[in-house]
Amino acid sequence: MNNLADSYNRASFRVRGIPSESEAFFLKKSNQNPQASDIPAIAIVGRPNVGKSTLFNRLIGSRRAIVGDEPGITRDRLYGETEWNGRRLRVIDTGGIIPDDREFIPSEVFRQAKTALQEAQAVIMVVDGRSELAAPDIDLARMLLRSGTNLFLAVNKIDTPKMEASAEEFRRLGIRNLFAVSAEHSGGITELLDAVLESLPKQAPPETAAPDNQRRSEVAEPGDESELAPATPGETKVAIIGRPNVGKSTLLNRLTGSSRAIVSPIPGTTRDAVDELVERDGRRLRFIDTAGIRRKGKTKLMAEKLSVVMARKHLEAADVALLVVDASEGVTATDATIAGYAHESGRSIIVVVNKWDLVTTKRADGRPAADRSVFEQQARDVFKFLSYAPILFVSASEGAGTDKIFSTLEKVAAERRKRISTGEMNRFLKHVDFERASVPSSRRVRVYYMTQAAVAPPTFVLFTDRDVKLHFSYQRFLENQIRKSFGFLGAPIWIKNRARE
């Protein structure tokens, strides 16, 4: 693990006044062009547990980032949007920065923060106003000042007027734009945002800008929802779900062609959901990497418990779920439980068997290469309720088979939104032999007609002679007949019964 950490480490120690590698990055950053965007970006940085994620949630008005007392909860960079005085702003939350920490996770967090700083037109450095000035604060402030970045200091956790005097202690950092704030209670946020907005290049107001009397004058209160960037028309949300350490983050990076998520052999590395938009062949796909879902008894830290809850929320907000399975471990009962979450919530599902190279071309245990048809049959036996879900075999680390995910996503997304006319459904009913359905006579119903009431997921309503709950066998038989005639690849089919009046 030490060798692996060293290979990814981006920090080094200062020798005889020569800038460290991390300092060198900040020094040359001012000469780089920020990422082209019509919306200016604001990066929030600081050492662990100073309240960066609380401030991020406050600014975007949503509980997007997991917040807790445990240091180092945030690892990947998170994005959100807000509007202030008629101006849209992108806000980037980063993990706690410890520049000279050589451990694997802190160095990867630092790498993610550096990417955020490259994109930002303004940087808010957050410090803990309740604690003493710390050496990591001094080091980070010095790096940011030497870079010439558009810098603001938010002395957080100043919850009462009596504490404001203690914020002046942080003037020693040398950052001119200092603001005493309380991210939890919204204190001082207005003044901070006004100053940040004033420092950004002026922009001509768009034609659709809100009039002055409708502009925001208060910071949004974070709601109970944990939303990602809102989906735009024609955009498909794809949640990447699965157990910890099955390769979800590696798959996200491969599909997006970036290093968007931290990848490590340590289970539970991903905590917040990480999303990235991909445009391919004129279609927009928003991939969402979620935390590994595990049983309640296996989660001990509060951050882990919250990450599982957030993962399920993001799953329920998606259109399609990529269920990632580790080929080297086979399909487990936990995989089936996670698949059940997706099935019951009405998400379309694609099963992705990852690390297929470890049981074929790179098999090291001397056994013959795994047979794809045998593995697929074993998976079908465990996922009995996912007979409609396609199964793909890939190696996210090598990139083998991942291109097929895009074409399959296109088909599944189209099938999810397919609508069958009522006339076509009734012609279909005439050819269905309901006597073949193994249903007790007391639970049989007479079907008059059938219509598709909704899409995403496809939902059908049967009009019958009795208002009873359809027997499981009857419902499964009818679903199989619908799939045989109309397809609906990857999408669960919901069937409801209604007595004709």
Side-chain angles (χ1 to χ4, degrees), residues 236 239 241 315-316 318-323 331 335-351 376-392 408-501:
T236 301
I241 62 173
L315 166 63
E316 292 167 2
D319 300 301
V320 183
L322 295 181
L323 174 59
V331 184
D335 293 323
T337 300
I338 298 169
Y341 295 151
H343 174 77
E344 292 168 5
S345 65
R347 304 310 99 189
S348 296
I349 302 172
I350 300 172
V351 178
E376 181 171 349
Q377 185 56 54
Q378 292 173 345
R380 295 291 183 194
D381 291 341
V382 178
F383 299 138
K384 292 185 188 313
F385 51 92
L386 294 186
S387 59
Y388 57 86
I391 298 179
L392 304 178
T408 307
L409 276 171
E410 182 181 344
K411 293 177 185 176
V412 168
E415 292 285 287
R416 177 176 178 79
R417 299 183 176 95
K418 184 165 65 178
R419 183 179 289 277
I420 310 300
S421 68
T422 301
E424 196 171 357
M425 288 304 306
N426 288 325
R427 287 191 293 272
F428 154 77
L429 275 179
K430 292 179 181 179
H431 298 89
V432 177
D433 183 7
F434 287 101
E435 295 299 323
R436 293 169 51 200
S438 55
V439 181
S441 57
S442 61
R443 301 290 297 275
R444 288 183 177 271
V445 294
R446 181 181 179 185
V447 181
Y448 294 114
Y449 66 95
M450 183 178 184
T451 186
Q452 184 175 358
V455 297
T459 303
F460 297 90
V461 177
L462 284 176
F463 290 86
T464 65
D465 60 341
R466 301 170 60 194
D467 188 12
V468 296
K469 182 177 175 60
L470 291 177
H471 191 271
F472 171 76
S473 297
Y474 197 100
Q475 189 164 334
R476 183 176 58 184
F477 169 78
L478 186 55
E479 178 184 337
N480 291 337
Q481 296 300 310
I482 292 173
R483 292 193 186 281
K484 184 177 179 180
S485 297
F486 304 110
F488 293 107
L489 176 71
I493 292 177
W494 289 357
I495 301 175
K496 300 180 181 180
N497 180 38
R498 185 179 300 173
R500 190 178 72 172
E501 296 178 358

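Annotation: the span from F383 atom CZ to I349 atom CD1 amounts to 9.0 Å, rounded to 0.5 Å. Between atom CG of residue L409 and atom CZ of residue R416 there is a gap of 12.0 Å, rounded to the nearest 0.5 Å. Separating the CD1 atom in I493 from the CG atom in L478 is a distance of 8.5 Å, to the nearest 0.5 Å. Rounding to the nearest 0.5 Å places CG of N497 at 6.0 Å from CG of L462. Rounding to the nearest 0.5 angstrom, the gap separating the CD atom in Q475 from the CH2 atom in W494 is 11.5 Å. The structure places NE2 of H343 at 15.5 Å from CD1 of I338, a figure rounded to the nearest 0.5 Å.
No option in L315, L322, D335 other than L315 meets the side chain to side chain contact (heavy atoms under 4.5 Å, CB included) test with I241. Checked against V447 for a side chain to side chain contact (heavy atoms under 4.5 Å, CB included), the options T464, V432, D465 give a single hit: T464.
The side-chain heavy atoms of V445 and Y474, taken from C-beta on, include a pair separated by under 4.5 Å. N480 has its side chain within reach of R476: a pair of non-hydrogen atoms, C-beta onward, lies under 4.5 Å apart. The shortest side-chain heavy-atom distance between L470 and I495 falls under the 4.5 Å cut-off.
Contact detail for N426 and M450: the closest heavy-atom pair is OD1-N, 3.1 Å. Of all non-hydrogen atoms in P390 and G490, the two that sit nearest each other are CD-CA, 3.9 Å.
Judged by distance alone, the side chain of T451 and the main-chain N or O of A453 form no donor-acceptor pair under 3.5 Å. With R347 contributing its side chain and A318 its backbone, the two residues share a donor-acceptor pair below 3.5 Å. Side chain of R380 to backbone of L386: a donor-acceptor contact under 3.5 angstrom is found. Side chain of S345 to main chain of A342: a donor-acceptor pair is present (N/O by atom type, distance under 3.5 Å, no hydrogens or angles).
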Trace of the side chain to side chain contact (heavy atoms under 4.5 Å, CB included) decision for V331 with Q378: CA-CA 8 Å; V331 184; Q378 292 173 345; 6.0 Å; no
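Using cut-offs of 30° and 60° on the angle between ring planes, the pair F488 and F460 is perpendicular.
Environment of CZ in R419: crowded, with over 12 heavy atoms of neighbouring residues, nucleotides or ligands closer than 6.0 Å. Within 6.0 Å of atom CZ in R417, more than 12 heavy atoms from other residues, nucleotides or ligands are found, so the atom counts as buried in its surroundings.
Between K418 and E415 there is a salt bridge, since a side-chain N of the basic residue sits under 4.0 Å from a carboxylate O of the acidic one.
Side-chain N/O atoms of D319 and T236 include no donor and acceptor closer than 3.5 Å.
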